[in-house]
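Predicted model, so just to flag it, every value in this text is computed and none were measured.
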Amino acid sequence: MPARPAQGAVPAPRSGGARPNGAEDTTPLGQARAILRSPFRGEPGRLRAGGLLIVVLAVLFGALTAWQITSRADAAQRVTDHSAPLASQAASVYWSLADADATAAAGFLIAGQEPAKVTARYQQDIANASKGLAAASAAAGSNSDALTYITTLNRELPVYTGLVETARANNRQGYPVGGAYLRYASDRMSSTMLPAAEKLYQTETRRLSDDRAAASATPWAAYAAGLIALGGVVWASRRLFLRTNRVFNTGLLASGAALLVALAWLAGASTLSTAKMHNSATHGSDAVQTLNQARIAGLQARGNEDLTLVARGNGDTYITKFDKWAAQLTGSAGKPGLLDRARGQSDAGAADSSIDGAKTELKNWMALHKQARGFDDGGNYQQALDTTVGRNGNAVKDKTTEGSFDAMDKQLGAALQHEQALFYDAARGGSDALAGLAIGGAVLCLLGAAAAVGGLGRRLAEYR
């Protein structure tokens, strides 16, 4: 049996158990703790701890600044180089398809051989749509939604053009079935192709909005790290003053100045970039989208106006569609039309003048359309035709609906070009405002950390 300890004897402590107050922990873990704590004991140790904290915070501030600003700059670059051009390309595809459909319908109404200028315009629209789809497909990447709409359009486009050519061939031979083929082609365009083109445009517009939002994100983490790092410098400066009665420490002053400059640069550049990006939306992107919608609505209305005459007395469906699209342009029931909306969103100047001109042409178009409907409903088909496309296809501005429509679309195109230029100028300004900040801010933070180490090192040397 093990011997019992003598009465009154204090048993030896077990390994890892509690030790009397003041006793040194001789275990490996205790010795490691003592080694780690030794540099931070006493007043010199507190200065070392404060200096280490300032260094860590300054480096963290620099790293967060570099990361968040690089992320914003990349997003701003995507806006100008990728998502904005893609959205514009998608809008161009949408417009080209709608214009091709309206042009085909207008050419069908002209007696005899279709004029070369009408044929050329239709062929150019189809070529532009094909080119735009190829570019959109190459840039879509893994965007499954965009690829779905592009695939639909690539599949339907040759079917549509084949139907139009069949309609033309029958029309040249005087076969009434040509009109049926054209109406079927147009119905296929309006029910399948244009909705897919619209969704493609909306998808690319959302991508543009997402990139613009990322380019405008506030770098809160960098702000917080910068303020805390400055607070650490102020704390260390105050402690030195209280302990040594020295007002200034050159190293800490330099450290604080470097961090303050970095923080001010971050705040100023970030605010300016955000303002530029916001301006690109309110005075550029929003107006561009509305103007694109107005041009598409005009083409849709124009196409249905022509198809009403192609149907020769069976065009009630197309009249209803025309009224729907025309109402989007003019507005209804107290709701502003697309042209009024674009006028409110556009930048004062050239765009406003063009939109005002487009509104004047829209009024002329609607008045002439009303006349043409009156002629057609009264049985005077030829007069309705002349009011719509002119005598033998010679449309005249202010005398035919086609002439007024073309003048309106030209004005809208000029306004669109102006607003796109404003958008790109503002978006590039947002990107330029961040130039150099990621690297410059990081360098300033490293200089601040080095200055703090140097300044506190001189004071620590006095304790040796």
Legend entry - Val389 vs Thr400 side-chain heavy atoms within contact, under 4.5 Å: no
Inset, instruction - Drop me the distance from Arg295's CZ to Asn292's CG, to the nearest 0.5 angstrom. - result: 7.5 Å
Inset, instruction - Take Asp409 and Trp95 through the test side chain to side chain contact (heavy atoms under 4.5 Å, CB included) and record every step on the way to the result. - result: CA-CA 11 Å; Asp409 189 67; Trp95 185 90; 3.5 Å; yes
Inset, instruction - Go through the side-chain N and O atoms of Arg72 and Thr274 and say whether any donor and acceptor fall under 3.5 Å apart. - result: yes
Inset, instruction - For Ser190 and Asp187, indicate whether the former's side chain and the latter's backbone hold a donor-acceptor pair under 3.5 Å. - result: yes
Inset, instruction - Please answer whether the main-chain N or O of Ser88 pairs with a side-chain N or O of Ser92 as donor and acceptor at a distance below 3.5 Å. - result: no
Inset, instruction - Output yes when a side-chain donor or acceptor of Ser332 lies under 3.5 Å from a complementary backbone atom of Gln328, and no otherwise. - result: no
Inset, instruction - State, without any angle test, whether Asn304 and Gln300 hold a side-chain donor-acceptor pair at a distance under 3.5 Å. - result: no
Inset, instruction - Considering only NZ, NE, NH1 and NH2 on the basic side and carboxylate oxygens on the acidic side, decide whether Arg121 and Asp406 come within less than 4.0 Å. - result: yes
Legend entry - Main-chain N/O of Met277 paired with Ser280 side-chain donor or acceptor, under 3.5 Å: yes
Legend entry - Residues Lys199, Asp145: salt bridge by 4.0 Å N-O rule: no
Inset, instruction - Taking all non-hydrogen atoms of both residues into account, name the closest pair between Ala98 and Leu194 and its distance. - result: N-CD2, 3.9 Å
Legend entry - Student check: side-chain heavy atoms of Leu208 and Phe423 closer than 4.5 Å: yes
Inset, instruction - Check the pair Lys410, Glu361 against side chain to side chain contact (heavy atoms under 4.5 Å, CB included), reporting the backbone distance first and the verdict last. - result: CA-CA 10 Å; Lys410 184 178 180 180; Glu361 297 299 341; over 6 Å; no
Inset, instruction - Quick one: closest heavy-atom pair of Leu153 and Leu133, and the distance? - result: CD1-CD2, 3.6 Å
Legend entry - The single option from Gln77, Glu204, Arg207 passing side chain to side chain donor-acceptor pair (under 3.5 Å) against His82: Arg207
Legend entry - Separation of Thr103 OG1 from Glu402 CD (nearest 0.5 Å): 8.0 Å
Legend entry - Intermediate values then yes/no, side chain to side chain donor-acceptor pair (under 3.5 Å), Thr290 and Gln345: CA-CA 8 Å; Thr290 304; Gln345 294 168 341; 2.6 Å; yes
Inset, instruction - Show your reasoning for whether side chain to side chain contact (heavy atoms under 4.5 Å, CB included) applies to Phe61 and Leu230. - result: CA-CA 10 Å; Phe61 177 32; Leu230 275 175; over 6 Å; no
Inset, instruction - Using distance alone, with no hydrogens and no angle criterion, decide if Asp101 and Tyr160 have a side-chain donor and acceptor under 3.5 Å apart. - result: yes
Legend entry - Criterion side chain to side chain contact (heavy atoms under 4.5 Å, CB included) on Leu385 and Gln382, from CA distance to verdict: CA-CA 5 Å; Leu385 192 62; Gln382 186 59 50; 4.1 Å; yes
Inset, instruction - With the side chain counted from C-beta on, respond yes when Leu307 and Leu182 share a heavy-atom pair under 4.5 Å apart, and no when they do not. - result: yes
Legend entry - Value rounded to 0.5 Å, distance of CZ in Arg428 from CG in Asp81: 8.0 Å
Inset, instruction - Establish, from distance only, whether the side-chain atoms of Glu305 and Thr401 form a donor-acceptor pair under 3.5 Å. - result: yes
Legend entry - Tyr181 atom OH, neighbour heavy-atom count above 12 within 6.0 Å: no
Legend entry - Test item: Ser255 side-chain N/O and Gly251 main-chain N/O as donor-acceptor pair under 3.5 Å: no
Legend entry - Polar side-chain atom of Thr161 near backbone of Pro158 as donor-acceptor pair, under 3.5 Å: yes
Inset, instruction - Would you mind reporting whether Val233 and Leu260 have side-chain heavy atoms less than 4.5 Å apart? - result: no
Legend entry - Atom pair OG (Ser404) and CE (Met366), whose distance is rounded to the nearest 0.5 Å: 9.0 Å
Legend entry - Flag side-chain contact, heavy atom, 4.5 Å: Trp325 against Leu329: no
Legend entry - Side-chain donor or acceptor of Tyr381 paired with backbone N/O of Leu309 under 3.5 Å: yes
Inset, instruction - State, with a plain yes or no, whether a side-chain heavy atom of Gln68 is found less than 4.5 Å away from one of Ser71. - result: no
Legend entry - Leu338 to Ala297 - nearest heavy-atom pair and separation: CD1-CB, 4.0 Å
Inset, instruction - Check whether any side-chain heavy atom of Tyr223 lies under 4.5 Å from a side-chain heavy atom of Leu266, and answer yes or no. - result: yes
Inset, instruction - Return the minimal non-hydrogen interatomic distance between Ala236 and Ile54, and the atom names on each side. - result: CB-CD1, 3.8 Å
Legend entry - Considering all heavy atoms, the nearest Ala129-Leu97 contact: CB-CD2, 3.8 Å
Legend entry - Test applied, side chain to side chain contact (heavy atoms under 4.5 Å, CB included); reference residue, Ser83; option that passes from Leu86, Thr80, Val79: Val79
Legend entry - Check: Gln383 main-chain N/O paired with Thr387 side-chain donor or acceptor under 3.5 Å: yes
Legend entry - Thr192 and Glu156 side chains, donor-acceptor separation under 3.5 Å: no
Legend entry - Glu165 atom CD, over 12 foreign heavy atoms within 6.0 Å: yes
Inset, instruction - Scan for salt bridge (charged side-chain N to carboxylate O under 4.0 Å, His left out) pairs involving residues 211-233, sequence neighbours excluded, and state none if there are none. - result: Arg78-Asp211
Inset, instruction - Report, as yes or no, whether the 6.0 Å neighbourhood of atom CZ on Phe375 holds more than 12 heavy atoms from other residues, nucleotides or ligands. - result: yes
Inset, instruction - State whether Arg302 and Asp306 are salt-bridged, where the test is any N-O pair (Lys NZ or Arg NE/NH1/NH2 against Asp/Glu carboxylate O) under 4.0 Å. - result: yes
Legend entry - Note, Ser130 side chain near Leu157 side chain (heavy atom, < 4.5 Å): yes
Inset, instruction - Could you tell me the separation between the CZ atom of Arg343 and the NZ atom of Lys359, rounded to the nearest 0.5 Å? - result: 7.0 Å
Inset, instruction - Please indicate whether Lys321 has more than 12 foreign heavy atoms, meaning atoms of other residues, nucleotides or ligands, lying under 6.0 Å from its NZ. - result: yes
Legend entry - Heavy-atom closest pair, residues Ala414 and Ser354: CB-OG, 3.8 Å
Inset, instruction - Output the distance between atom CD (Gln411) and atom OG1 (Thr360), rounded to the nearest 0.5 Å. - result: 8.5 Å
Inset, instruction - List in chain and number order the residues that pass ring pair (Phe, Tyr, Trp, His ring centres under 6.0 Å) with Tyr149, two or more places apart in sequence or in another chain; answer none if no residue qualifies. - result: none
Legend entry - Asn128 (side chain) donor-acceptor with Gln124 (main chain) under 3.5 angstrom: yes
Inset, instruction - For atom CG of Leu253, decide whether the heavy atoms of other residues, nucleotides or ligands shown that lie under 6.0 angstrom number more than 12. - result: yes
Inset, instruction - For the residue pair Arg168 and Thr119, confirm or rule out a side-chain donor-acceptor distance under 3.5 Å. - result: no
